Amino acid sequence: MDPILEQIKPGAPLPPYFYRLKALEAAPLLLGQTLVRRTEEGDIRCRIVETESYGGIEDKGSHAHGGRRTARTEIMFGSGGTAYIYLIYGMYNCLNVVTGTEGDPQAVLIRAVEPLSPADETGMRRYRGTAARKPVDLSGGPGKLCRALDITKALNGLPLAQPGGLLWLEDRPAPNEVIVQAPRVGIAYAEEYAAKPWRFYFRGNPYVSVIDKQAEVWAGSN
DNA sequence: AGTGGGATTCTCT
DNA sequence: GAGAATCCCACTA
């Protein structure tokens, strides 16, 4: 058992030290954890099944590469435990969990989630605004899951560590699934960083956005 | 099942 | 003014 996962207690908020990890450490450990969205209709709980690490100023795939510190990226430079939400392609929001310490821009993109219960799925379908015939249509993709959970830039910068706000993370038991890693999606411009296997997902999970047949089992898993 | 292009607006040069 | 950590529909087969 991973020594960090060992300390995690199901149902509790993710502990503060978790948010100080580097994105590359936090990304696989976020798999299986619960994302909770409080809406006027009630709480929606879902399980994170796919993540990507964007870590440090050296990562050419990151918005903060080269130390680019702008109004948009500022939140990434803060200490971990907040939400970084940005608009992509003019129409889609993407959710990141900021990790790391003050001044070190680390973030984990949440790429896919699955509803924990039929009631959670109903809530997600209400916001999703399309038929979603297959699991991947509902919340398999960073833009899709933000639609399904009504996550917009209005939530940018909010803390994720405390329950009872609009958005937070809770611990779950260690997953039984196999974690694999593969190159990240949509960053062809990132040169030598484009091929780094910094995307993590549960092998065989139907909510995963992009299946990579070359994906290798994560060495850090059991 | 797989491909190709349009949508739409914020962000930074 | 260009381009973006994407999605969806229409089209082919």
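Here the structure is a predicted model, which means the values were calculated and not measured. Throughout, protein chains are lettered first and strands after them, A, B, ... in sequence-line order, and every chain is numbered starting at 1.
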- prompt: Any chance the side chains of A:Thr34 and A:Arg45 put a donor and an acceptor closer than 3.5 Å?
  reply: no
- prompt: Is the Lys NZ or Arg CZ of A:Arg47 less than 6.0 Å from the centre of A:Tyr207's six-membered ring, within 45° of the axis?
  reply: no
message: Please report the interatomic distance CD1(A:Ile88) to SG(A:Cys94), rounded to the nearest 0.5 Å.
response: 6.0 Å
field: side chain to side chain contact (heavy atoms under 4.5 Å, CB included) partners of A:Ala107, counting only residues at least two apart
entry: A:Met76, A:Asn96
query: Quick one: on DNA chain C, does A:Val108 or A:Asp137 contact a more 5' nucleotide (nearest heavy atom)?
result: A:Val108
field: Those residues of residues 49-64 of chain A lying under 4.0 Å from DNA chain B by at least one heavy atom
entry: none
task: Classify the nucleic acid contact of A:Arg72 as base, sugar-phosphate or nothing, counting any heavy atom under 4.0 Å across all strands shown.
output: sugar-phosphate
Apart from A:Leu116 itself, residues in the same hydrophobic cluster as defined by side-chain heavy atoms under 4.5 Å: none
query: Going by heavy atoms closer than 4.0 Å, what residues in residues 145-152 of chain A are next to DNA chain C?
result: none
Separation between CD1 of A:Ile48 and CG of A:Asn205, rounded to the nearest 0.5 Å: 12.5 Å
query: Looking just at side-chain N and O atoms, do A:Asp104 and A:Thr101 make a donor-acceptor pair shorter than 3.5 Å?
result: no
field: A:Ile187 CD1 to C:dA5 P, straight-line distance once rounded to whole Å
entry: 9 Å
Pair A:Gln214-A:Asp212, side-chain donor/acceptor within less than 3.5 Å: no
- prompt: Is a side-chain donor-acceptor pair under 3.5 Å present for A:Tyr193 with A:Glu191?
  reply: no
- request: Please list all pairs passing the side-chain hydrogen bond (donor to acceptor under 3.5 Å, both in side chains) test where one or both residues lie in residues 78-92 of chain A, with sequence neighbours left out.
  value: A:His63-A:Tyr84
query: What nucleic acid atoms does A:Arg199 come within less than 4.0 Å of, heavy atoms only: base, sugar-phosphate, or nothing?
result: nothing
message: What's the closest nucleotide to the side chain of A:Arg68 if the choices are C:dT6, C:dA4, B:dT13?
response: B:dT13
message: According to side-chain hydrogen bond (donor to acceptor under 3.5 Å, both in side chains), does anything in residues 155-168 of chain A pair up with another residue at least two apart or in another chain? List the pairs.
response: A:Trp168-A:Glu170
field: Atom pair distance, as rounded to whole Å: CE in A:Met76 and C1' in B:dT11
entry: 15 Å
Spacing of A:Leu95 atom CG relative to C:dC7 atom P, expressed in whole Å: 13 Å
- prompt: What base-paired stems does DNA chain B take part in, with at least 3 consecutive Watson-Crick or G-U wobble pairs and both distances under 3.5 Å?
  reply: B:1-7 with C:6-12, B:9-12 with C:1-4
Separation between CG of A:Leu30 and CD of A:Glu52, rounded to the nearest 0.5 Å: 13.0 Å
message: Measuring to OP1 and OP2 of B:dT11, would you say a side-chain N or O of A:Lys153 lies under 4.0 angstrom away?
response: yes
I'd like a table of atom pairs between the protein and nucleotides 9-11 of chain C - only N or O on both sides, under 3.5 Å - with the distance next to each one.
none

- request: Look at A:Arg69 and B:dT11 and indicate whether a side-chain polar atom (N or O) is within less than 4.0 Å of OP1 or OP2.
  value: no
- line: Per the under-4.0 Å heavy-atom filter, residues of residues 79-92 of chain A near DNA chain B come out as A:Leu87, A:Tyr89, A:Gly90, A:Met91
message: By the salt bridge (Lys or Arg N to Asp or Glu O under 4.0 Å) test, which pairs, at least two apart or in different chains, include something from residues 132-145 of chain A?
response: none
Euclidean distance, atom CG of residue A:Asn93 to atom C1' of C:dC7 [Å, nearest integer]: 13 Å
message: For A:Ser139 and A:Glu114, which I'm curious about, is there any donor-acceptor pair between the side chains at under 3.5 Å?
response: no
- line: Residues passing the side chain to side chain contact (heavy atoms under 4.5 Å, CB included) test with A:Thr130, sequence neighbours excluded, are A:Arg128
query: With sequence neighbours excluded, what pairs up with A:Arg126 under the salt bridge (Lys or Arg N to Asp or Glu O under 4.0 Å) test?
result: none
